[in-house]
Number of protein chains: 2
Amino acid sequence: MPDAANSPGARPTLRDVAQRAGVSAMTVTRVLREDSRVSAATRERVLASVAELGYRPNTVARSLRLGRGSGLVGLVVTNLANPFYSRLALGVDSVVGPHGLKTVIGNTRQSVEHERDLVADLVGRRVDGIVVVPAGGDQRHLAQAAAQGVPVVCASRPPVGFPADHVLVDDHGGARDATERLLALGHRRIGFLGPPASVHTSVERLRGYRETLAAAGVAADERYVRQGPVDVAAAEAAAGELLALAEPPTALFCSNNRNTIGAFRAVSRAGLTTALAGFDDFELADMLGLPLSVQSYDSDELGSEAGRLLLDRLRGGARDAPPRRVVLPTRAIQYGTPRPLA
Amino acid sequence: MPDAANSPGARPTLRDVAQRAGVSAMTVTRVLREDSRVSAATRERVLASVAELGYRPNTVARSLRLGRGSGLVGLVVTNLANPFYSRLALGVDSVVGPHGLKTVIGNTRQSVEHERDLVADLVGRRVDGIVVVPAGGDQRHLAQAAAQGVPVVCASRPPVGFPADHVLVDDHGGARDATERLLALGHRRIGFLGPPASVHTSVERLRGYRETLAAAGVAADERYVRQGPVDVAAAEAAAGELLALAEPPTALFCSNNRNTIGAFRAVSRAGLTTALAGFDDFELADMLGLPLSVQSYDSDELGSEAGRLLLDRLRGGARDAPPRRVVLPTRAIQYGTPRPLA
DNA sequence: CTGTTAGCGCCTTCAC
DNA sequence: GTGAAGGCGCTAACAG
């Protein structure tokens, strides 16, 4: 009887295997851990017993006994449906997975409150570490987790009020480059479209945009700045407003791909040739029929870097190293042929 | 000293709290579980002690003691970077999350071997259940997990060789509708583009396409069928081949959005007006400048339905119900104005 | 080479 | 109202 399910739901234990093989539980452990020297004969018997019972060691009990963590890494993001975050998740998982760690997802739906509950839950589950894209400014719960000995790595946004490893994108540099490209084409009336100021990346990208304009001697015009849209529809509306101004911008810098796509829709619908520069690459960007430059980077790299930082704390010697910061560069991609301003 | 980290990494235990409050561990448990009647005074002292130590109950130990599962749901997909799967993940998580279950992700990268290892690992972690999009035809490892008492729910593809709840999309019906739309426009030379026959959905959609053609009295032409492309580049190449035939198809039915996008690129590059019908909606589909009909459905619904089926097995009375099947309908979306064949 | 003892952190059972 | 045992499944540390 290969897999006699004696009582459904009652999974066999180490003891069951031992008893069936006529040895002690300890011996079974040894065989399973390929530990010390066990006689070939015994090993055979034990393995047979394991197979017959369909025994699978209980990792939970094991990790409890060993005093280690649960072999889980918590991943906390605002919206996993966003490919940006799912790639990030994959990046984390691809790095920690080979080390026997599984990734637990936590979706906060932009709510700091959810984030706090999630982190508390993850800490309770004794995750070995947490990778988080903080949803808001209040990060006390993260500080607390870190203080309780759970390594925290922030991705995309820096930790606030406590030390932690973090991985950022070169938001400022990317925004500078994007803006410079528009300036180089002769544009002076350049609009800005991006998420609200509560989003760290948006702040940095806006700063890069402003500083670049200032450095080029272009007067800032706050009418051209729309910090707010988080989805395509809102971005399209906001872009439409800018384009409808008496003296509309001749170019738009869009600080993420939601805004770029929204802007594209608005420009396209209005039948204009407003130049576009954006942050984040996206599929079909090359087929839009408008020249477009984007600042691109792989979000899975954000994840894999975060995973590496975490592993260093867990396995490497970086257990008590001072907090580290990794900044990923962006690279410019030009779609279509840029048109100099007439 | 609010959170004196006595020894970093050594998290306080129930006993520590008890000792500090001058009570027994049992009493602390009671307070935490809001169990029996504990004197208000004791409760106060315990809670204070909890707060001061920053104590967080160890869920791992708890679930071990209670003999329950780990409060985890395993999610096994081939590629989380694909928005299809990340939405599915979110759907699962949104349903099981409110029941205190967390979702653990497992990415198989299309490898059945990885899938087997992953499932084994998840079972070892005593997940309460598994939602899986099976990567291949060999599902013995899933059967085994199910046999060991871990409820398995298949999404997008049915279980093979063992009974299990599953959620499918109406692949056949959607393909029929898509093909009928092309026939209605007067097309008779209709090509098919889709993933290899190892993918269940592809088989069903191809079947729907073939049966619909046959029903309309259109002779099948196997030169027009390309079952293989899994990414945009391969799809574009395959579409290019079809378009380059001596007697090219006047319309293409693409059985997923990778193939639709690839076909669009090929058609667009060739400057043709080949009609397109696809499966799966995708962003910017409306901006492509070609008429296109797609069979759309929400993959998060696949996930949430799967989550519900799983919950029924875990919490509901469906513990030992016969396996159930849920089929989600598709709905047609028309982008642009369809052009009847001249 | 193999077995016994003890206990990870928690909670059910039974006493007081 | 509260506490003392005992054990969930597993494995270090020590026997033998």
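Here is how names work: the chains are called A, B, and so on, in the same order as the sequence lines, proteins then strands, and each is numbered from 1.
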- Using a 4.5 Å cut-off on heavy atoms from C-beta on, say whether the side chain of B:L314 contacts that of B:P151. yes
- Just wondering, do A:D128 and A:L72 contact through their side chains at under 4.5 Å, heavy atoms? no
- B:R125 and B:D121 ion-paired at < 4.0 Å: yes
- Message: Between the opening five pairs and the closing five pairs of the helix from C:dC1-D:dG16 to C:dC16-D:dG1, how far apart are the helix axes, to 10°?
- Response: 40°
- Indicate yes or no for a side-chain donor-acceptor contact from A:D300 to the backbone of A:L90 under 3.5 Å, with no hydrogens or angles considered. no
- Query: Which parts of nucleotides 11-16 of chain C does protein reach within less than 4.0 Å, heavy atoms only, written one letter per nucleotide 5' to 3' as B for base, S for sugar-phosphate only and - for none?
  - Reply: BB----
- May I have all residue pairs that pass side-chain hydrogen bond (donor to acceptor under 3.5 Å, both in side chains) and include part of residues 87-108 of chain B, sequence neighbours excluded? B:D93-B:T103
- So, the side chain of A:S39 versus the backbone of A:T42: is there a donor-acceptor pair under 3.5 Å, distance only? yes
- Query: Rounded to whole angstrom units, what separation is found between the CG atom of A:D16 and the C1' atom of D:dC10?
  - Reply: 13 Å
- Message: Within the 4.0 Å heavy-atom criterion, would you say A:T42 contacts the bases, only the backbone, or no part of the nucleic acid?
- Response: sugar-phosphate
- Residue whose closest nucleotide on DNA chain D lies nearer the 5' end, B:A61 versus B:S39: B:S39
- Item | Distance below 4.0 Å between B:S24 side-chain N/O and D:dA4 OP1 or OP2 | no
- Task: Run the salt-bridge test on B:R324 and B:D312 with the 4.0 Å N-O cut-off and return the result as yes or no.
- Result: yes
- Under 4.0 Å between any heavy atoms, over every strand shown, what does B:V23 touch: base, sugar-phosphate, or nothing? Just pick one. sugar-phosphate
- Task: Check DNA chain C against residues 118-127 of chain B and give the residues with a non-hydrogen atom under 4.0 Å, in numerical order.
- Result: none
Output side-chain donor-acceptor pairs under 3.5 Å for residues 21-28 of chain A, partner residues at least two apart or in another chain, one line each.
| unit_1 | atom_1 | unit_2 | atom_2 | d |
| --- | --- | --- | --- | --- |
| A:S24 | OG | A:M26 | N | 3.4 |
| A:S24 | OG | A:T27 | N | 3.4 |
| A:S24 | OG | A:T27 | OG1 | 3.4 |

- Message: Can you work out whether B:G67 or B:T27 has the more 5'-proximal nearest nucleotide on DNA chain D?
- Response: B:T27
- Item | Carboxylate-amine/guanidinium proximity below 4.0 Å for A:R325 and A:D165 | no
- Task: Determine yes or no for a side-chain-to-main-chain donor-acceptor pair under 3.5 angstrom, with B:T59 supplying the side chain and A:G124 the backbone.
- Result: yes
- Please state how far atom CZ in B:R11 lies from atom P in C:dC10, giving the value in whole angstrom units. 11 Å
- Query: Rounded to whole angstroms, how far apart are CG on B:N58 and C1' on C:dC8?
  - Reply: 9 Å
- Length of the CG-P vector between A:L64 and D:dG7, whole Å: 17 Å
- Taking only residues two or more places apart in sequence, or in another chain, which ones meet B:R126 in a salt bridge (charged side-chain N to carboxylate O under 4.0 Å, His left out)? none
